[in-house]
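This report concerns only the one structure given below.
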Number of protein chains: 2
Amino acid sequence: MDAIAVAAPESQKKRRKGEETRAQILETALELFRERGYEETTMRAIAESAGVSVGNAYYYFKSKEHLIQAFYARTHEEHLAASREVLDRERGLRERFLGVMRAKLDTIEPYHQFSGVLFKTAADPASPLNPFSAESLPVRQQSTELFTEVITGADTRLPAELVAALPNLLWVYHMGIVLYWIHDSSPGCAKSYRLMERSVRLILRLISLFQFPLLRPFLRELLVLVTELRGDVTPAQAAPAVE
Amino acid sequence: MDAIAVAAPESQKKRRKGEETRAQILETALELFRERGYEETTMRAIAESAGVSVGNAYYYFKSKEHLIQAFYARTHEEHLAASREVLDRERGLRERFLGVMRAKLDTIEPYHQFSGVLFKTAADPASPLNPFSAESLPVRQQSTELFTEVITGADTRLPAELVAALPNLLWVYHMGIVLYWIHDSSPGCAKSYRLMERSVRLILRLISLFQFPLLRPFLRELLVLVTELRGDVTPAQAAPAVE
DNA sequence: AGCCTGAATTGAACGCGTTCAATTCAGGCG
DNA sequence: CGCCTGAATTGAACGCGTTCAATTCAGGCT
């Protein structure tokens with residue numbers, strides 16, 4: 001048996017080892033987070049449970065928050081996968097949009113209990129977890145692309161300028177829904193689903209309204225506002241001045 | 001001199017003392033926050049600077065976060081005062097709305113550097129600082145009333161259902177602007193002011209559009225959505241289940 | 001085999017927010 | 001006047017996240 005497996009080079013074996021430890025720590029951490037909550041889970045407990053020293057946990061994760069970031073990346077992947085399924089299946093704009101949004105809520109549902117901490121750290125402009133930070137730019141871009149795909153892959157034709165601006169708008173909208181969801185304590189987060197479904201319907205209606213020439217100037221101004229401000233706000237362009 | 005001042009009862013003298021200590025601690029804390037930032041200011045430093053013991057600081061403020069809450073209450077008062085001035089002066093809906101929003105940004109400007117921490121804690125559903133929490137309900141109500149006054153005191157007449165729903169909508173909108181402001185690193189937060197002015201204009205335009213019967217069903221649905229969901233989300237209705 | 005090097009790992013130590021048993025203070029009462 | 005009581009105040013101690021100098025480990029080179 002081992003004679004067959006020899007092919008693996010040394011450096012790869014080394015990397016494998018490190019990645020296993022890393023995965024072990026992350027897995028243990030997420031489990032403890034789910035069991036006891038974030039604040040109640042200490043780094044010492046994580047390390048002990050994972051069979052490593054405290055310092056070693058910090059070797060792989062710069063801070064306790066970075067463990068959340070890893071989790072964040074994971075649910076993001078899950079959402080992408082779930083959305084892909086919807087987008088492959090559906091052609092109607094409404095179904096696609098609704099499906100992606102529903103997938104979002106479904107994906108994050110298991111973590112609702114400690115979503116507060118997640119958002120708490122995510123809201124800090126200085127945190128790498130901040131959705132506007134440079135560190136989470138890839139994730140943000142992927143999410144935005146998702147909404148691009150929702151629109152361009154649908155059988156509905158929309159004016160070009162709207163197509164250009166909508167993805168970012170919808171991304172912000174979806175963040176708003178998540179924000180509501182975080183504070184939603186209704187059973188099964190039913191209210192969040194309800195709000196999402198209704199607001200999606202409303203948005204689609206609003207979009208269709210833009211066909212009327214009456215509303216064109218309004219639309220124009222909205223688009224100018226959005227494109228003018230998009231992206232330039234992130235504090236990441238210059239390193240935060242800490243003396 | 002003292003013969004005149006004798007009138008003060010004992011209990012009042014006592015209360016005065018306590019309140020002075022409390023004020024002393026708060027003043028020192030806010031000063032240090034502004035100087036060095038929130039995270040960099042330790043409770044020990046605050047206590048020492050205020051000439052009290054650490055424990056005593058905790059006697060008056062349950063936690064470091066509660067010092068922020070006190071600051072929050074203060075800027076809220078300032079905003080109310082500044083808004084009052086505007087509302088007494090202006091009669092046009094646009095001027096009133098713009099004035100109140102501008103006053104908001106002006107009021108919080110001095111604290112922009114540590115606004116991140118403010119929002120970070122405010123975003124946590126479990127935190128008393130959370131704008132949706134029971135503890136900040138009075139502040140939230142006052143803010144909402146402010147927008148009621150913006151509308152009802154203006155010389156523009158609006159449909160009754162709109163008048164009923166707008167205050168809450170505008171409050172949420174104003175929170176959104178603050179959220180943008182927190183992440184705004186442009187000089188003088190110019191971008192936030194710009195966004196605010198443009199979006200205010202847009203909102204007013206949107207409001208005036210509702211006069212067209214074409215948009216009535218849209219408006220209806222929007223109002224239903226808002227009134228249905230308003231307020232019931234706060235997790236404060238039942239004590240958070242902590243085992 | 002022996003050495004070198006850089007990754008992996010350790011655990012004691014630091015600084016922080018927070019707690020709390022103990023102490024002081026000051027006004028009311030017999 | 002001395003006692004009582006509750007508010008005000010103290011500071012040592014706790015548990016936490018985080019750091020870092022020191023140590024081990026394992027592969028590559030001579």
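Worth knowing before you read on, the calculation uses all heavy atoms, side chains too, and leaves out hydrogens, waters and symmetry mates. Numbered from 1 within each chain, the chains take letters A, B, ... in sequence-line order.
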Could you give the NZ-to-P distance, from B:K62 to C:dC20, as a whole number of Å?
-> 14 Å
Dot-bracket line, read 5' to 3' along DNA chain C, where crossing pairs take [ ] and | marks a partner on another strand, Watson-Crick or G-U under 3.5 Å = |||.||||||||||||||||||||||.|||
Pairs where residues 66-82 of chain A contributes a residue and the test salt bridge (Lys or Arg N to Asp or Glu O under 4.0 Å) is met, not counting sequence neighbours = A:E27-A:R74
With sequence neighbours excluded, residues passing ring-ring contact (aromatic ring centres under 6.0 Å, His included) with B:H76 = none
Indicate yes or no: at least one non-hydrogen side-chain atom of A:L30 is less than 4.5 angstrom from one of A:L67.
-> no
Report, one line per pair, each donor and acceptor closer than 3.5 Å where one atom sits in a side chain of residues 143-150 of chain A; sequence neighbours left out.
unit_1, atom_1, unit_2, atom_2, d
A:S143, OG, A:V139, O, 3.3
A:T144, OG1, A:R140, O, 2.8
A:T148, OG1, A:T144, O, 3.1
A:E149, OE1, A:R84, NH1, 3.2
A:E149, OE2, A:R84, NH1, 3.2

Separation of D:dA8 atom P from B:E20 atom CD, nearest Å, is 12 Å
Output all residues satisfying salt bridge (Lys or Arg N to Asp or Glu O under 4.0 Å) with A:R194, sequence neighbours left out; order by chain, then residue number.
-> B:E228
Non-neighbouring partners of B:F71 that pass ring-ring contact (aromatic ring centres under 6.0 Å, His included), sequence neighbours left out = B:Y111, B:F114
Round to the nearest Å and state the distance from A:M43 atom CE to D:dT19 atom C1'.
-> 12 Å
What residues form a ring-ring contact (aromatic ring centres under 6.0 Å, His included) with A:H79, not counting sequence neighbours?
-> none
Euclidean distance, atom NZ of residue A:K64 to atom C1' of D:dT19 [Å, nearest integer] = 17 Å
Quick one: list whatever passes salt bridge (Lys or Arg N to Asp or Glu O under 4.0 Å) with A:E197, sequence neighbours left out.
-> A:R102
Along nucleotides 9-14 of chain C, 5' to 3', which nucleotides get a B, which get an S, and which get a -, given that the test is a protein heavy-atom distance under 4.0 Å?
-> BBB-B-
